[in-house]
Amino acid sequence: MAHPAARAEFRFYEELNDFLQPERRRRAFDYSVAGTRSVKDAIEAIGVPHTEVDLILVDGLSVGFDHVLRGGERVAVYPVFERLDIAPLQHLRPRPLREPRFVLDTHLGKLARHLRMAGFDCLYRNNYRDIEIITSALAEQRIILTRDKGLLKQRLVTHGYFVRHTGSEEQLREVVRALQLETALRPFTRCRECNAELREVPKAEIESRLPQKVRAAYERFQLCPGCGRIYWEGSHYARLLPLLQRAAEPGGTRGEA
């Protein structure tokens, strides 16, 4: 256990600075490690969820979350490395899930609809409890998307991402770029309301349910087998397609060291 007066020097890199107080961003600062059981405890006490961290160097050596700080160390904390080979070092993030599927917290209803529109399997309810989100993520191998830092600090959480933006369109672009999903989009293949996969349906099968103007103007339709909604390439399609096209554009880096 650390000495009561023990302090270590911390430096966080790239987008991890989003979680820090302004005076601690992109610079080294001292932090008390007295009473902390591990470097993971100290990092989360500073404000950074463990799900955002991929590499910790203590005095230049790669360590795991359970490393104990005694005081006097220099701690460098890094997010996921997308462009550098750190194979010889100790990765702290789990391997990416083979198929990107999500469960979203109660603050991200519009983002859930946008992600479904882009073709991603997304669970969402406006009354989810944290334990329900975590249980769904573990049982169905889903990535948690949240605006609640505390949720990502839960010990059981393995795959999660803190959504920085507050506008739903910006959130969609952020998630796609952060998780490198640009080539995984399958626009308009999933119901925005209930998440079921859509199927092509002959016009004759649903013609009696269509408004007169729609019957006269369109020939191709999709049916949701979950909630029964009917989709066609109307004005909503023309309005939402550019949103998906922007989300699929290659993005740059999200910050500087």
Take the angle between the ring planes of Y128 and Y124 and call it parallel below 30°, perpendicular above 60°, tilted in between. perpendicular
Report the distance from atom CG of L244 to atom CG of L240, rounding to the nearest 0.5 Å. 7.0 Å
Trace of the side chain to side chain contact (heavy atoms under 4.5 Å, CB included) decision for T166 with R147: CA-CA 9 Å; T166 55; R147 290 276 300 159; 3.5 Å; yes
For F162, is there any backbone N or O sitting under 3.5 Å from a side-chain donor or acceptor partner on R164? yes
If Ile, Leu, Val, Met, Phe, Trp and Tyr residues are connected whenever their side-chain heavy atoms lie under 4.5 Å apart, and connections chain through other members, are L210 and Y237 in the same group? no
Pairs under 3.5 angstrom only: tabulate donor-acceptor contacts from the side chains of residues 198-205 to other protein residues two or more places apart or in another chain.
residue	atom	partner	partner atom	Å
R199	NH2	E205	OE2	3.2
K203	NZ	R215	O	2.5
K203	NZ	Y218	O	3.1
K203	NZ	E219	OE2	3.1

For the residue pair S136 and V103, what are the closest heavy atoms and their distance? CB-CG2, 4.4 Å
Does the side chain of E182 reach to within under 4.5 Å of the side chain of V176, using non-hydrogen atoms? yes
Which value, rounded to the nearest 0.5 Å, describes the distance between E14 atom CD and E52 atom CD? 13.0 Å
Just wondering, do R24 and I46 contact through their side chains at under 4.5 Å, heavy atoms? yes
Please round to the nearest 0.5 Å and tell me the distance separating atom NE2 of H165 and atom CG of L172. 11.5 Å
Check this for me: R129, atom CZ, are more than 12 non-hydrogen atoms of other residues, nucleotides or ligands nearer than 6.0 Å? no
What heavy-atom pair brings L145 and V175 nearest, and what distance separates the two atoms? CD1-CG1, 4.2 Å
In Å, rounded to the nearest 0.5 Å, how long is the span from CG of L16 to CD1 of I43? 8.5 Å
To check you understand the geometry: which heavy-atom pair defines the closest contact between Q171 and L108, and what is its length? NE2-CD2, 3.5 Å
Side chains of residues 220-232: which donor-acceptor partners sit under 3.5 Å, not counting sequence neighbours?
residue	atom	partner	partner atom	Å
Q222	NE2	F188	O	3.1
Y231	OH	R192	N	3.4

Considering only heavy atoms from C-beta outward, does the side chain of H67 approach that of I56 to under 4.5 Å? no
Mind checking whether L104 and V163 have side chains closer than 4.5 Å, heavy atoms only? no
Give me the atom names and distance for the closest heavy-atom approach of L152 to P49. CB-CB, 3.5 Å
Where the side chain of E15 meets the backbone of P79, is there a donor-acceptor pair that is under 3.5 Å apart? no
Heavy atoms only: give me the nearest A45-Y31 pair and the separation to one decimal. CB-OH, 3.4 Å
Using only atom types and a distance under 3.5 Å, with no angle test, would you say the side chain of N126 pairs donor to acceptor with the backbone of T106? no
R74 CZ to L61 CG distance, which is reported to the nearest 0.5 Å: 13.5 Å
Can a donor-acceptor pair be found, under 3.5 Å and without considering hydrogens, that links the side chain of D130 to the backbone of L151? no
Check the surroundings of atom CZ in R125: do more than 12 heavy atoms from other residues, nucleotides or ligands lie under 6.0 Å from it? yes
If you define the side chain from C-beta out and look only at heavy atoms, does anything of F10 sit under 4.5 Å from V48? no
Distance-minimising heavy-atom pair for C191 and C194: SG-N, 3.5 Å
What's the separation between atom CZ in R101 and atom CG in L115, rounded to the nearest 0.5 Å? 14.5 Å
Under the rule for side chain to side chain contact (heavy atoms under 4.5 Å, CB included), what residues qualify as partners of K40, not counting sequence neighbours? S38, E44, H50, F65
Close side-chain approach of E140 and L123, heavy atoms under 4.5 Å: yes
Applying salt bridge (Lys or Arg N to Asp or Glu O under 4.0 Å), which residue pairs with at least one partner in residues 103-119 are found, sequence neighbours left out? R113-E193
State, with a plain yes or no, whether a side-chain heavy atom of L179 is found less than 4.5 Å away from one of F102. yes
L138, I131: one ILVMFWY side-chain cluster at the under-4.5 Å cut-off? no
Indicate yes or no: at least one non-hydrogen side-chain atom of N195 is less than 4.5 angstrom from one of R190. yes
Hey, is CD on E23 packed in by over 12 heavy atoms from elsewhere, all under 6.0 Å? yes
How would you list, by chain and number, every residue that makes a side chain to side chain contact (heavy atoms under 4.5 Å, CB included) with R246, sequence neighbours excluded? E169, R173, P242, L243, E249
Considering residues at least two apart in sequence or located in another chain, which fulfil the side chain to side chain contact (heavy atoms under 4.5 Å, CB included) criterion with A76? Y13, L57, Y78
